[in-house]
Amino acid sequence: MPRHEIAVIRGDGIGPELVEAALTVLTAVADRAGLEFALTEVDAGADAYRRTGVACSPQDLELMRNGVEATLKGPVGLPDVRLPDGTEAGLLGGILRGGLDAYANVRPVLALPGIDPVLARAGHIDYVLVRENTEGLYASRGKGVGNRWAVADTTMTTREGTLRVCRRAFEIARTRTGAPADGVRRVTCVDKSNVLRSHALFREIFGEVAAAYPEIATEYLYADAAAQALVLRPEEFDVLVMENLLGDVLSDLGGATIGGISLCASGNIGDGAAYFEPIHGSAPSIAGRGLANPVGQILAAAMMLDHLGHQRSAADVRVAVTAALAAGEACIGSDGSALGGPGAIAAAVVEHLPASS
């Protein structure tokens, strides 16, 4: 029986509810596929910061880096937990992405049945956004220089950092069937190279990587044009790769077009460590009220299965999510809430899993 060591961060707000729902599905998949998951709980996030003074201990970071094969993470953050400078404490993005060198933030955007779409053509949306995760403007996180009159944040683009995230995007494109509109495997480089030298370097290196993948089509778009195109012609996209800040913005835009970011999962993946999470926040105002939508968290667990080499089981989870939504047995309201709560959604997904994976 294949055994996998997994770390679990239950998170803040609705995080524990969502993670429990995802673990319900993961356990059911494991039973069907003959897998075993050994779970190690990691105390991290805003509540951990409030209780211990650190959002994630060095020991737990080392565990996630070298002691487990992957981490399943719920959303973190609480609005009333603040650092002395007034900014929000307990967020883990800067800690985990850099600390685990999880340089590729992989964010699928896929239209699902049973969801009220924003776009008439939402049924044809199926692309993956690959966001560079350790450089760009967010490399200045906590390092801005200035005073009350002016502040400067510095962006960072390196050759090696860009090479590896672009290679990751092309490797993902190799595994896909192409854009819904034409079936062409395509990677789109999104940047502001007409304005910023760092983005011009990103575009140049993208072209160098593309030369090694002649079977994959390429496209270049400035970020503002890409934002428009993701609304007007989303069916023409397959894989997109971009700098950190641009990826943060455009992935939320993409999530909105399919009915909300609560439906979206993400993987933060390096050459070694990786962690998987939904892309939304912890929504403490609805915690414990039976409203939290676990679809993004469940799909994050499916991404983790892919990463662990269990592609069939991952596909079974995605099929079960789609089938439960299509049958109306997993119901997501127009406001994004889960009818019956996350446990009901998880149970419906389990019912639609095949007998064996």
Side-chain angles (χ1 to χ4, degrees), residues 93-94 97-98 101-109 125-141 143-144 152-174 176 178-179 181 184-214 216-257 261 264 266-270 279:
R97 289 167 184 168
D101 198 24
Y103 60 83
N105 184 212
V106 180
R107 296 191 169 192
V109 179
I125 296 176
D126 180 2
Y127 59 82
V128 177
L129 191 149
V130 182
R131 164 188 172 190
E132 201 293 316
N133 221 10
T134 60
E135 298 185 349
L137 189 59
Y138 285 180
S140 279
R141 184 195 300 261
K143 301 173 184 175
D153 292 310
T154 302
T155 192
M156 172 63 70
T157 298
T158 70
R159 172 164 289 275
E160 182 56 35
T162 307
L163 281 170
R164 63 186 187 174
V165 76
C166 289
R167 289 182 186 128
R168 178 77 63 170
F170 278 93
E171 289 296 328
I172 290 171
R174 275 183 166 171
R176 290 173 50 81
V184 173
R185 291 186 174 94
R186 181 185 297 109
V187 180
T188 302
C189 177
V190 179
D191 59 55
K192 285 298 292 181
S193 58
N194 56 330
V195 177
L196 300 171
R197 288 183 62 188
S198 60
H199 286 223
L201 178 62
F202 191 103
R203 178 176 285 216
E204 175 187 334
I205 295 169
F206 172 88
E208 294 174 12
V209 173
Y213 297 85
I216 307 294
T218 58
E219 177 185 26
Y220 297 86
L221 283 176
Y222 296 138
D224 40 353
Q228 175 177 255
L230 287 172
V231 174
L232 295 181
R233 54 180 184 92
E235 67 277 9
E236 297 180 18
F237 290 100
D238 182 21
V239 178
L240 305 91
V241 64
M242 63 201 70
E243 176 269 348
N244 207 335
L245 173 63
L246 297 183
D248 193 5
V249 174
L250 292 184
S251 59
D252 276 26
L253 182 151
T257 65
I261 61 173
C264 298
S266 72
N268 300 271
I269 304 169
I279 73 171

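Predicted model, so just to flag it, every value in this text is computed and none were measured.
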task: Using modelled atom types only, decide if a donor and an acceptor are shared between the side chain of Ser193 and the backbone of Ala200 within a distance under 3.5 Å.
output: no
- prompt: Which atom pair, heavy atoms only, marks the closest approach of Asp153 to Ser140?
  reply: C-OG, 3.6 Å
task: Would you indicate whether the side-chain heavy atoms of Val239 and Ile216 approach each other to under 4.5 Å?
output: no
task: Nearest 0.5 Å please: distance from the OH atom of Tyr127 over to the CZ atom of Arg186.
output: 14.0 Å
- prompt: Between atom CE of Met242 and atom SG of Cys166, what is the distance when rounded to the nearest 0.5 Å?
  reply: 10.5 Å
Stepwise salt bridge (Lys or Arg N to Asp or Glu O under 4.0 Å) test for Arg159 and Glu204: CA-CA 10 Å; Arg159 172 164 289 275; Glu204 175 187 334; 3.8 Å; yes
message: Applying side chain to side chain contact (heavy atoms under 4.5 Å, CB included) to Phe237 and Glu219, what does each step give before you reach the verdict?
response: CA-CA 10 Å; Phe237 290 100; Glu219 177 185 26; 3.8 Å; yes
task: Would you name the heavy atoms of Phe170 and Phe206 that are closest together and state the gap between them?
output: CE1-CE1, 3.6 Å
field: Rounded distance (nearest 0.5 Å) linking atom OG1 of Thr257 with atom CG of Asp252
entry: 11.0 Å
- request: Working to the nearest 0.5 Å, report the span between NE2 of His199 and SG of Cys189.
  value: 9.5 Å
message: One pair to check against side chain to side chain contact (heavy atoms under 4.5 Å, CB included): Asn105 and Ile279. What are the steps and the verdict?
response: CA-CA 10 Å; Asn105 184 212; Ile279 73 171; over 6 Å; no
- prompt: What is the minimum heavy-atom distance between Thr134 and Ala139, and which atoms define it?
  reply: O-CB, 4.3 Å
- prompt: Tell me, do Thr162 and Leu201 make a side-chain contact under 4.5 Å, heavy atoms counted?
  reply: no
- request: Could you verify whether a donor N or O on one side chain and an acceptor N or O on the other, from Arg97 and Tyr138, lie under 3.5 Å apart?
  value: no
- request: State, to 0.1 Å, how close Gly255 and Cys264 come at their nearest heavy-atom pair, and which atoms those are.
  value: CA-SG, 3.7 Å
statement: In this structure, CZ of Arg203 is separated from OG1 of Thr157 (nearest 0.5 Å) by 13.5 Å
query: Would you call Asp191 and Tyr222 a side-chain contact if the rule is heavy atoms closer than 4.5 Å?
result: yes
message: Could you check whether any side-chain N or O of Arg168 sits under 3.5 Å from a backbone N or O of Gly270, counting only pairs where one atom can act as donor and the other as acceptor?
response: yes
- request: State, with a plain yes or no, whether a side-chain heavy atom of Leu196 is found less than 4.5 Å away from one of Glu243.
  value: no
message: Within this structure, what is the CD-CG distance for the pair Glu235 and Leu230, rounded to the nearest 0.5 Å?
response: 10.5 Å
field: Glu132 side chain vs Gly161 backbone, donor-acceptor pair below 3.5 Å
entry: no
statement: All heavy atoms of Gly247 vs all of Arg131, minimum pair found to be C-CD, 3.7 Å
message: Could you check whether any side-chain heavy atom of Leu245 comes within less than 4.5 Å of a side-chain heavy atom of Lys192, counting everything from C-beta outward?
response: no
message: I'd like to know whether Glu171 forms a side chain to side chain donor-acceptor pair (under 3.5 Å) with Tyr213, so could you lay out the CA-CA distance, the side-chain angles of the two residues, the decisive distance to 0.1 Å, and finally the verdict.
response: CA-CA 9 Å; Glu171 289 296 328; Tyr213 297 85; 2.7 Å; yes
message: So does Asp248 get a backbone contact from the side chain of Ser251, meaning a donor-acceptor N/O pair under 3.5 Å?
response: yes
- prompt: Taking side chain as C-beta onward, heavy atoms only, is Val241 less than 4.5 Å from Val165?
  reply: yes
Worked check of side chain to side chain contact (heavy atoms under 4.5 Å, CB included) between Leu129 and Val190: CA-CA 10 Å; Leu129 191 149; Val190 179; over 6 Å; no
- request: Could you pull out the closest heavy-atom pair between Leu163 and Val209, with the gap in Å?
  value: CD2-CG2, 3.6 Å
task: Mark yes or no for whether Asn133, through its side chain, and Ala102, through its backbone, hold a donor-acceptor pair below 3.5 Å.
output: yes
- request: Could you check Leu250 against Leu240 for side chain to side chain contact (heavy atoms under 4.5 Å, CB included), going step by step and ending with a plain yes or no?
  value: CA-CA 10 Å; Leu250 292 184; Leu240 305 91; 5.9 Å; no
task: Would you confirm whether Arg185, through its side chain, and Arg176, through its main-chain N or O, come within 3.5 Å as a donor-acceptor pair?
output: yes
- request: Decide yes or no for Asn244 and Leu137: does some side-chain heavy atom of the first lie under 4.5 Å from some side-chain heavy atom of the second?
  value: no
field: Close side-chain approach of Phe202 to Leu246, heavy-atom, < 4.5 Å
entry: no
